[in-house]
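Values below: every heavy atom of this structure, side chains too, minus hydrogens, waters and symmetry copies.
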Amino acid sequence: MKTIHLTCCLCMALLAVGCATSSQSNSRTTQEIQEKIGSGDYRIDVNMASPRRTRNIPLTSSYWVEIRNDSVFSNLPYYGRAYAVPYGGGQGLQFNAPVEGYEVSHTGKGNTRVSFRAKTPEDTYQYSMTIYTNGKANIQVLMQQRESIGFSGELRTWN
């Protein structure tokens, strides 16, 4: 009887230590994500496009949005309706441009929201990104000359 009682106590102690370690791991990840976003030097690898008028499209090629210093490097596909674009379709969401109005805010749940604008000769883009505590990210892009589009992906954990 004592061995059963001792075994139960040991299991409960291991479970408590495991939960504490998991909690510390999540908070450390949240802190690392916030530091990476705060540094202004990070990249989100995108694996799903969400056009406005059709179903989600899994992406099989390498697409990303990278923020470096005060610039955005956007390498994203575009699916949707264009209102006025250059002959041949233009660059779409594949451009490098200075960032304007860069803002970072944190939600009560530890998620991070980033928003900024970028202008190219072709269009003006408004990016709104939500980076969750597990590193997953959602990106919404509003444009003047095209329908909006969304993307999902993950914050890159290496440099």
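Linking ILVMFWY residues whenever their side-chain heavy atoms come closer than 4.5 Å, directly or via other members, places Leu76 and Leu59 in the same cluster. Hydrophobic clustering (side-chain heavy atoms under 4.5 Å, transitive across Ile, Leu, Val, Met, Phe, Trp, Tyr) groups Val99 together with Phe95. The hydrophobic clustering, which links ILVMFWY residues whose side-chain heavy atoms are closer than 4.5 Å, places Ile37 and Tyr132 apart.
Taking CH2 of Trp64 as the start and CZ of Arg43 as the end, the distance is 5.0 Å to the nearest 0.5 Å. Summarising the geometry, atom CG belonging to Asp45 is positioned 9.0 Å from atom CD belonging to Glu66; distances are rounded to the nearest 0.5 Å. Atoms OH and CZ, on Tyr125 and Arg146 in that order, are 5.5 Å from each other to the nearest 0.5 Å. Atom-to-atom distance recorded for Arg117:CZ and Tyr102:OH is 13.5 Å, nearest 0.5 angstrom. Residue Arg52 holds its CZ atom at 11.5 Å from CD1 of Ile149, rounded to the nearest 0.5 Å. With rounding to the nearest 0.5 Å, the separation of CE in Met129 from CD1 in Ile67 is 5.0 Å.
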Legend entry - Stepwise ring-ring contact (aromatic ring centres under 6.0 Å, His included) check, Phe151 with Tyr63: CA-CA 10 Å; Phe151 298 94; Tyr63 293 105; 8.2 Å; no
Legend entry - Derivation of the side-chain contact (heavy atoms from CB on, under 4.5 Å) call for Val141 and Val65: CA-CA 11 Å; Val141 185; Val65 172; over 6 Å; no
Inset, instruction - Output, in order, the C-alpha distance, side-chain angles, deciding distance and verdict of side-chain contact (heavy atoms from CB on, under 4.5 Å) for Gln126 and Ser115. - result: CA-CA 7 Å; Gln126 174 69 43; Ser115 62; 4.0 Å; yes
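Side chain of Asn69 to backbone of Ser71: no donor-acceptor contact under 3.5 angstrom is found. In this structure a side-chain-to-backbone donor-acceptor pair under 3.5 Å is present from Glu147 to Arg81. With hydrogens and angles ignored, the 3.5 Å screen pairs a side-chain donor or acceptor of Asp123 with a backbone N or O of Gln144. Between the side chain of Gln91 and the backbone N or O of Glu122, no donor-acceptor pair lies under 3.5 Å. Within the 3.5 Å criterion, the main-chain N or O of Asn138 finds no donor-acceptor partner in the side chain of Thr130.
In this structure the side chain of Asn47 never reaches within 4.5 angstrom of the side chain of Pro58, judged on heavy atoms.
What you find for Gly110 and Gln34 is that their closest heavy atoms are O-NE2, 3.5 Å. When every heavy atom of Ala118 is checked against every heavy atom of Val72, the shortest pair comes out as CB-CG1, 3.8 Å. Nearest approach of Thr112 to His106, heavy atoms of both residues: OG1-ND1, 3.3 Å. Between Gly153 and Ile44, the closest heavy-atom pair is C-CG2, 4.5 Å. Closest approach of Thr133 and Asn111 over heavy atoms only: N-OD1, 3.3 Å. Closest approach of Ala97 and Thr120 over heavy atoms only: CB-CG2, 4.2 Å.
Using cut-offs of 30° and 60° on the angle between ring planes, the pair Phe116 and Tyr127 is parallel.
No hydrogens or angles considered: a donor-acceptor pair under 3.5 Å links the side chains of Asn56 and Ser50.
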